Protein chains: 2
Amino acid sequence: MPPGRATDTVSDRLEATPLYRKVGELLATRIDEGFWQAGEMLPNEFVLADQFNVSQGTVRKALGTLESRGIVERRQGRGTFVTTNTDERSFYHFFRLAEPGGERVKPDPHSEKIKRRKATKHEQQQLGTADNTEVFEIVRVRVVGEHRASRETMLIPCDIAPTLQSLKSKLPNSLYPYYQQQFGTMVLRAEEYIAAVTASKIVAAALQIEPGTPVLEVTRTAHDIKDRVVELRVSQFRSDLFNYNVTLR
Amino acid sequence: MPPGRATDTVSDRLEATPLYRKVGELLATRIDEGFWQAGEMLPNEFVLADQFNVSQGTVRKALGTLESRGIVERRQGRGTFVTTNTDERSFYHFFRLAEPGGERVKPDPHSEKIKRRKATKHEQQQLGTADNTEVFEIVRVRVVGEHRASRETMLIPCDIAPTLQSLKSKLPNSLYPYYQQQFGTMVLRAEEYIAAVTASKIVAAALQIEPGTPVLEVTRTAHDIKDRVVELRVSQFRSDLFNYNVTLR
DNA sequence: AAGTGGTCTAGACCACAAA
DNA sequence: TTGTGGTCTAGACCACTTT
């Protein structure tokens with residue numbers, strides 16, 4: 001095939017979407033739809049290149065974008081794999097608790113409650129779902145050693161995690177790996193708004209602190225590979241023992 | 001030149017550092033040392049390729065890494081430029097204030113004090129400077145409309161910003177563009193620790209709120225292109241009107 | 001030894017911006 | 001029209017992992 005674009009047509013040129021971007025989207029869609037599941041190995045770059053009728057370099061660039069988005073992981077000599085949202089990864093990515101000025105901290109689950117209910121109008125709007133959406137509401141308290149660390153209230157649309165309530169054992173430490181394993185939903189982005197508030201009676205009781213103590217309140221919207229809202233979450237953190245840590249680049 | 005590595009030698013292979021990485025480091029160092037200054041255009045990819053005795057593709061990949069680090073900006077048809085830390089960029093990158101659940105907010109400076117003093121042992125340690133380091137201490141209050149928004153205490157080593165105190169007019173809205181323009185220091189990374197605390201008398205007075213009101217306290221370490229610590233900063237934010245916003249990916 | 005991703009080169013052509 | 005970055009291809013070889 002001569003140099004230049006592989007499938008040059010008028011419509012291609014008008015759309016002006018680079019080939020590697022199209023290929024990347026196709027791959028992302030396949031993964032989103034479960035064609036390749038968590039931890040699974042993708043075909044090698046030359047095979048994919050054949051499938052898409054592009055050069056290996058173009059596939060390579062497409063995979064590079066997926067890798068930077070955290071969708072796949074590539075290991076020299078082994079292959080390209082759909083990222084597995086392990087507990088470790090999920091925690092250190094989306095759970096930003098740390099000792100003041102120091103190391104990140106990994107709390108353990110302590111107690112949890114789950115119920116099914118209708119979403120409010122406001123919640124529906126935030127979730128981007130219309131009408132009578134049903135949601136699971138999970139309230140969970142976490143501990144670090146002897147100390148209560150956080151109280152989280154999570155809201156998940158039932159159609160995303162249909163079997164959540166029938167779960168007999170305790171919920172897993174981190175929910176995102178569970179979403180991925182069970183429902184193929186990959187949490188890749190979270191938007192957070194952080195405020196300082198005084199602990200309500202309920203929060204104070206859960207965290208075993210005096211009511212009125214200042215705590216961090218983090219409001220999160222979690223998004224999947226296609227940027228759909230997967231979860232709403234409001235967490236209260238003890239701030240005397242722990243900080244919220246983030247790196248800006 | 002035949003395909004394969006351009007300058008294969010035994011030592012190269014032992015070091016095992018990709019060419020594009022070496023080229024990237026060289027370019028970063030040049031920019032750090034002021035060889036190309038803020039806003040300046042770099043030579044085009046082919047010229048750089050000649051200078052470094054590598055192919056254009058290798059230079060291209062190196063520039064790609066610099067771009068993703070925020071060191072350069074590339075514009076099709078125009079060229080590759082050293083990133084200018086404009087007020088806009090600096091603010092929306094490193095100043096994470098937002099309306100609760102909504103749009104980012106850009107506060108204006110209200111008042112400021114600056115003095116020169118010795119750094120404490122602890123500060124020296126955090127700054128990574130030894131002995132009797134002198135620092136500028138700046139305290140600045142910011143407003144959004146009618147409301148006080150934040151009180152920041154900044155610490156900058158004098159040797160990084162030698163002429164800071166002699167500045168007669170008010171400090172610029174954002175300091176990082178000023179650091180870059182005046183001293184060639186490019187702030188690229190900030191590590192932040194966020195806590196909820198009750199406002200001290202001093203903070204309450206500055207923010208015009210009741211003492212004891214919960215406020216966000218953000219402790220920042222700012223790093224430059226070579227990851228040196230450029231600034232320490234502790235900020236208190238009103239949290240009833242504003243939130244700290246961040247996206248995790 | 002075989003298979004995978006990683007690096008590097010060389011060259012053609014496209015898209016955009018400014019003269 | 002010229003010069004810049006952006007895309008795409010083709011092919012060689014390197015480095016790592018597993019068989």
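Worth knowing before you read on, the calculation uses all heavy atoms, side chains too, and leaves out hydrogens, waters and symmetry mates. Letters A, B, ... mirror the listed sequences (proteins, then strands); counts begin at 1. Being a predicted model, the structure only gives us computed values, none of them experimental.
At least one cation-pi condition fails for A:Arg89 and A:Tyr176: the charged atom is not both under 6.0 angstrom from the six-membered ring centre and inside a 45 degree cone around its axis. The cationic atom of B:Arg220 (NZ for Lys, CZ for Arg) does not lie both less than 6.0 Å from the six-membered ring centre of B:Phe94 and within 45° of the ring axis.
Residue B:Thr58 has a polar side-chain atom (N or O) positioned under 4.0 Å from OP1 or OP2 of C:dT9. Taking side-chain N and O atoms only, B:Thr80 has a distance below 4.0 Å to OP1 or OP2 of D:dG5. Phosphate proximity of C:dG6 to A:Arg74: present, with a side-chain N or O under 4.0 Å from OP1 or OP2.
Salt-bridge check for B:Arg189 with B:Asp227: passed, with a basic side-chain N closer than 4.0 Å to an acidic carboxylate O. A salt bridge links A:Arg74 with A:Glu45: the distance from a Lys NZ or Arg NE/NH1/NH2 to an Asp or Glu carboxylate oxygen falls below 4.0 Å.
Counting to the nearest Å, the P atom of C:dG5 and the CG atom of A:Leu42 are 9 Å from each other. One atom, CZ of A:Phe81, and another, P of D:dT17, lie 12 Å apart when rounded to the nearest Å. C:dT4 atom C1' lies 11 Å from atom CD of A:Gln56, rounded to whole Å. Whole-Å rounding puts the B:Phe46 CZ to D:dG3 P distance at 13 Å. Going from atom CZ of B:Arg21 over to atom P of C:dG6 covers 15 Å, rounded to whole Å. The interatomic distance linking B:Glu73 (CD) with D:dG5 (P) rounds to 14 Å, in whole Å. Between the CZ atom of A:Arg78 and the P atom of C:dT4 there is a distance of 13 Å, rounded to whole Å. In this structure, B:Lys61 places its NZ atom 15 Å from P of D:dT7, rounding to the nearest Å.
Side chain of B:Pro18, nearest nucleotide from C:dC8, D:dA15, D:dT9: C:dC8. The side chain of A:Asn44 lies closest to C:dG5 when the candidates are C:dG5, D:dG5, D:dA10. Of the candidates C:dA15, D:dT9, C:dG5, the closest approach to any side-chain atom of B:Gln76 belongs to C:dA15. Taking the side chain of B:Tyr20 as heavy atoms from C-beta on, and the options D:dG5, C:dT7, D:dC8, the nearest nucleotide is C:dT7.
B:Glu45 comes within 4.0 angstrom of the backbone, heavy atoms only, and of no base. Using a 4.0 Å heavy-atom cutoff across all strands shown, B:Arg75 reaches sugar-phosphate atoms only and no base atom.
Shown here for B:Met41 and B:Gly79, the closest heavy-atom pair between the two residues is CE-CA, 4.0 Å.
Between B:Met41 and A:Val59, it is B:Met41 whose nearest contact on DNA chain D lies nearer the 5' terminus.
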